[in-house]
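What follows is one structure encoded as C-alpha cells, with my remarks underneath.
A, B, ... follow the sequence lines: proteins, then strands. Residue 1 opens every chain.
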Amino acid sequence: MEPDFFERVYEVVRLIPPGRVTTYGAIARFLGSGRSARAVGYALNACHGIQPMVPAHRVVNRIGLLSGKHHFDPHQPMVALLAAENIQVTEDRICDFERLFWNPESLL
DNA sequence: GGTGTGACAATGG
DNA sequence: GCCATTGCCACAC
C-alpha cells in the first residue's frame with residue numbers, strides 16, 4: 001500500500017482545470033492503480049478539512065453522476081460549486097459531461 | 001492480519 | 001436504456 005495515495009489523489013484533483021470535470025476511474029488510472037476507483041472515492045471522503053481545499057466537486061463517477069454530493073459540506077453544496085464554474089447540472093448529472101470531461105493524462 | 005465497507009467500473013442479461 | 005453480479009483496491013476496525 002501507499003500511504004501517500006490520499007495526497008496523490010488530492011494533487012490530481014487540484015490539477016483539474018476550472019470548469020472541467022473528471023472521473024474516479026480516470027484518476028485511478030492516472031495514479032497507475034487502474035482499478036482503485038473506489039479507493040479514490042474513499043480518499044475524497046477524507047478530503048474535508050484538507051488544505052488547500054480539494055475541488056472534489058469536479059470529480060464524478062463515469063457517467064457524470066454526482067454520486068458524492070450527499071457527502072459535501074452543507075454550506076458548499078456540490079451543485080453550487082459546479083454552478084460557480086459554469087457547469088450545468090440536471091438531475092444530479094453533469095450536462096455535456098463528455099464535453100467537459102478532462103483526462104489527467106492530457107498533462108503528459 | 002482477516003473482515004467489511006465504499007463519493008467505482010466493467011460486464012452480461 | 002436499466003438492474004444484478006463481479007472484480008478491484010485502499011482503509012478502518
Handout entry: DNA chain C-proximal residues of residues 39-64 of chain A, any heavy atom under 4.0 Å
Key = A:A39, A:Y42
Practice task
Please lay out, stage by stage, how A:V21 and A:V59 fare under the test side chain to side chain contact (heavy atoms under 4.5 Å, CB included).
Solution key: CA-CA 6 Å; A:V21 295; A:V59 185; over 6 Å; no
Exercise for the section: Can you check each nucleotide of nucleotides 3-8 of chain C against protein heavy atoms at under 4.0 Å and return B for base, S for sugar-phosphate only, - for none, in 5' to 3' order? Expected result: ----BB
Exercise for the section: Flag yes if more than 12 heavy atoms outside A:R14 fall under 6.0 Å of its CZ atom; otherwise flag no. Expected result: yes
Side chain [X], main chain [Y], donor-acceptor under 3.5 Å:
| X | Y | value |
| --- | --- | --- |
| A:Y10 | A:A43 | yes |
| A:H57 | A:F72 | no |
| A:T22 | A:N103 | no |
| A:R20 | A:W102 | no |

Sub-4.5 Å side-chain heavy-atom contact between [X] and [Y]:
| X | Y | value |
| --- | --- | --- |
| A:N61 | A:T23 | no |
| A:Q88 | A:D96 | no |
| A:V54 | A:V9 | no |

Practice task
Please work out which of the three classes, parallel, tilted or perpendicular, describes the rings of A:F6 and A:Y42, given edges at 30° and 60°.
Solution key: tilted
Problem - Whole-Å gap separating P (C:dA10) and CZ (A:R8) - result: 10 Å
Exercise for the section: Taking heavy atoms of chain A and a 4.0 Å limit, find me the 5'-most and 3'-most nucleotide of DNA chain B within that range. Expected result: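 First-to-last contact on DNA chain B, by the 4.0 Å heavy-atom rule, is B:dG6 to B:dA10.
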